[in-house]
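See below for the structure under consideration.
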Number of protein chains: 2
Amino acid sequence: MLTIFARCKVHYDGRAKSELGSGDRVIIVKPDGSFLIHQSKKREPVNWQPPGSRVRLELRENPVLVSIRRKPKETLEVELEEVYMVSVFRAEDYEELTLTGSEAEMAELIFENPEVIEPGFKPLFREKTIKSGIVDILGRDSNGNIVVLELKRRRAELHAVRQLKSYVEILKEEYGDKVRGILVAPSLTSGAKRLLEKEGLEFRKLEPPKKKGKTKGKQKTLF
Amino acid sequence: MLTIFARCKVHYDGRAKSELGSGDRVIIVKPDGSFLIHQSKKREPVNWQPPGSRVRLELRENPVLVSIRRKPKETLEVELEEVYMVSVFRAEDYEELTLTGSEAEMAELIFENPEVIEPGFKPLFREKTIKSGIVDILGRDSNGNIVVLELKRRRAELHAVRQLKSYVEILKEEYGDKVRGILVAPSLTSGAKRLLEKEGLEFRKLEPPKKKGKTKGKQKTLF
DNA sequence: GATTCGATATCGAAT
DNA sequence: ATTCGATGTCGAATC
């Protein structure tokens, strides 16, 4: 990883186009082509290039770091006006993040413990592709209804209700009114609740589980 | 800005929970509280803390950087096993990014030049709040129909069609069938096209404009 | 503070 | 390569 502290100007052209006037920033270039320019505020880089980009140093009036991505064509140019520090760090890292509390784990919980939805609920499919879209969980209730679950790991917003409503409508075209839609999340925004109730959809409160032993993320094998 | 190269372990608990085993990473702490941990791949930090977090150094068996955020309560701990470099950079930066090619500029273009949608189109409202959601542009056509525009700066996906469909349905409840919905974007995915046509919604091809003189982003005032 | 939605979103999975 | 949806999304604008 290459790290540079410098006063620079930045020019970007690609999916959008931007300019950034002269100022001090931290620049990081990763071996996979990722390119980050950080100002002294915010979590997000002010400019960047994603992995797979190619970088080179051009010597014009000032030295210029040029990073190019193909497909989509994107160019990032960093004009180095004053370089305060350059550093190369050969980082050795064989570990991957393990994360728990995700939507995927909510789904696992429901398959292992379907009664958290309701007595008699039978989950049948996970990530089931339908005519338009992909349903989180598709199952049946004790009355033989088809049940669509839309899961959210955090407070569900309008967006989630629109998803659920769309899936239910599509399945109703095929299976008639014996289709129920249930939004499964820790809570609902006011707007989500309003639309959900208007559309005759349901809500089940469920928190994403935080497992004790680590979970997602490829576990390193011993050999 | 504080930059550290170190071999470290990372523990996070908050909205979710994660563990990252020992390895070499670049750590950046910004004066606004932003905290970034970068591995040698990807654009995204493997762990982070957003602006407003408070950081301190604790001396346990190893030195540990602890960053805490309130609301939601989130804790990030970086156990420093071996520190290769520590550097402080007093970055002076008064510039902000100016960006062009955004959805906001598509909207401006349509208000200044409504015929890019169709002859006789009259845009009336921008970001208009309705019963459930916020419509990008609300206007009328030459036949007195109400027209809902959903704008996307890039290829529109199913998500965008669901938004548009939801807005049109809500407005039809109030205004009857004299409501049209038009998705405005450079292109459509196959799935978006299918749902759009099934629902009797329309598509207008429009690229986000890239202005010559810079555009968005507060322009610096002279004094 | 809550809600809604855009983003040069990024990322991964499935087709 | 395209499509689709999650994300500890982040961030801004509005209410």
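Just so we're on the same page: letters track the sequence lines, and every chain starts at 1.
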Margin query: For A:Y167 and B:Y12, find the nucleotide of DNA chain D closest to each by heavy atoms; which residue's nucleotide sits nearer the 5' end?
Written below: A:Y167
Check: Which part of the nucleic acid, if any, lies within reach of B:E150 when heavy atoms closer than 4.0 Å are counted: base, sugar-phosphate only, or nothing?
Finding: sugar-phosphate
Margin query: Only pairs with both distances under 3.5 Å count, Watson-Crick or wobble alike; so what is the partner of D:dT7 in this structure?
Written below: C:dA9
Margin query: Could you check whether any side-chain heavy atom of B:V78 comes within less than 4.5 Å of a side-chain heavy atom of B:R25, counting everything from C-beta outward?
Written below: no
Notebook entry, point to check: Quick one: is B:R43 getting a side-chain N or O under 4.0 Å of the C:dT8 phosphate, OP1 or OP2?
Noted result: no
Note to self: Which residue in the set B:K205, B:K210, B:R204 passes salt bridge (charged side-chain N to carboxylate O under 4.0 Å, His left out) when paired with B:E207?
What the structure shows: B:K205
Note to self: Strictly below 4.0 Å: does A:R153 bring a side-chain N or O up to OP1 or OP2 of D:dT9?
What the structure shows: yes
Margin query: Taking A:E169 first and then B:K198, would you say they form a salt bridge - that is, a charged N and a carboxylate O separated by under 4.0 Å?
Written below: no
Check: Under 4.0 Å: is that the gap between some side-chain N or O of B:R154 and OP1 or OP2 of C:dT10?
Finding: no
Notebook entry, point to check: Can a salt bridge be assigned to the pair A:K211 and A:E108 using a cut-off of 4.0 Å between side-chain N and carboxylate O?
Noted result: yes
Notebook entry, point to check: Given that A:E157 and A:P50 both sit by DNA chain C, which one's nearest nucleotide is further toward the 5' end?
Noted result: A:E157
Check: Do B:P51 and A:K41 come within less than 4.5 Å of each other through their side chains, counting heavy atoms only?
Finding: no
Margin query: Any base atoms under 4.0 Å from A:S190, or only sugar-phosphate, or nothing? Heavy atoms, all strands.
Written below: sugar-phosphate
Item checked: Distance test, side-chain N/O of A:R15 to OP1/OP2 of C:dT10, below 4.0 Å -> yes
Notebook entry, point to check: Under a 4.0 Å N-O cut-off, is there an ion pair linking B:E150 with B:K152?
Noted result: yes
Next item on the list: In plain terms, say whether B:E58 and B:R56 are close enough for a salt bridge, that is, a side-chain N and a carboxylate O under 4.0 Å apart.
Entry: yes
Next item on the list: Take the protein atom CG of A:L138 and the nucleotide atom C1' of D:dG5, then report the distance between them rounded to whole Å.
Entry: 17 Å
Next item on the list: For D:dT7 versus C:dG6, give the span between their C1' atoms, rounded off to a whole number of Å.
Entry: 15 Å
Check: For B:A156 and A:E44, take the nucleotide of DNA chain D holding the closest heavy atom to each; which residue's nucleotide lies nearer the 5' end?
Finding: B:A156
Margin query: I need the NE2-C1' distance between A:H159 and C:dG6, as an integer number of Å.
Written below: 12 Å
Checklist line | Counter-base of C:dA14, judged by Watson-Crick or G-U geometry with both distances under 3.5 Å | finding: D:dT2
Next item on the list: Provide, to the nearest angstrom, the distance between the NZ atom belonging to B:K30 and the P atom belonging to D:dG11.
Entry: 8 Å
Check: Do A:E103 and D:dG5 share a donor-acceptor pair, side chain to base, under 3.5 Å?
Finding: no
Next item on the list: Give a yes/no answer on whether the side chain of B:S102 brings an N or O atom under 4.0 Å of OP1 or OP2 in C:dG6.
Entry: no
Check: So what does B:G14 touch, heavy atoms closer than 4.0 Å: a base, only the sugar-phosphate, or nothing?
Finding: nothing
Check: Hey, does A:K42 reach any base, or is it just sugar-phosphate, or nothing, if we go heavy atoms under 4.0 Å?
Finding: sugar-phosphate
Item checked: Rounded distance in Å - NZ (B:K73) to C1' (D:dG8) -> 15 Å
Notebook entry, point to check: What nucleic acid atoms does B:T129 come within less than 4.0 Å of, heavy atoms only: base, sugar-phosphate, or nothing?
Noted result: nothing
Next item on the list: Please figure out whether B:K71 or A:N47 has its closest DNA chain C nucleotide nearer the 5' end.
Entry: B:K71
Next item on the list: Take atom NZ of A:K131 and atom P of D:dC4, then tell me their distance rounded to the nearest Å.
Entry: 15 Å
Next item on the list: Quick one: label A:P72 by what it contacts on the DNA or RNA (base, sugar-phosphate, nothing), any heavy atom closer than 4.0 Å.
Entry: nothing
Notebook entry, point to check: Contact class for B:Q163 (heavy atom, under 4.0 Å): base, sugar-phosphate, or nothing?
Noted result: sugar-phosphate
Next item on the list: Please state how far atom CG in A:D136 lies from atom P in C:dA14, giving the value in whole angstrom units.
Entry: 13 Å
Checklist line | Nearest-Å distance for atom pair CG/P, residues B:L188 and D:dT2 | finding: 15 Å
Check: Pick one: which of A:E19, A:K17, A:E77 meets side-chain hydrogen bond (donor to acceptor under 3.5 Å, both in side chains) with A:H11?
Finding: A:E19
Item checked: Phosphate OP1/OP2 of D:dT2 contacted by B:T189 side-chain N/O (<4.0 Å) -> no
Notebook entry, point to check: Just checking B:R155: base, sugar-phosphate only, or nothing, at a heavy-atom cut-off of under 4.0 Å?
Noted result: sugar-phosphate
Next item on the list: Quote, to the nearest angstrom, the P distance that separates D:dG5 from C:dT8.
Entry: 22 Å
Notebook entry, point to check: Is B:R162 touching bases, backbone alone, or none of the nucleic acid, heavy atoms closer than 4.0 Å?
Noted result: sugar-phosphate
Note to self: Taking only the P atom of each, what is the distance from D:dG8 to D:dC4 in whole angstrom?
What the structure shows: 23 Å
Next item on the list: Report yes if a side-chain nitrogen or oxygen of B:K152 is closer than 4.0 Å to either non-bridging phosphate oxygen (OP1 or OP2) of C:dC5; otherwise report no.
Entry: no
Check: If you check the B:P51 side chain, which of D:dG11, C:dG6, D:dG8 turns out closest?
Finding: D:dG11
Item checked: Value in whole Å for how far the C1' atom of D:dT7 lies from CD of A:E105 -> 14 Å
Checklist line | Distance below 4.0 Å between B:W48 side-chain N/O and D:dC10 OP1 or OP2 | finding: yes
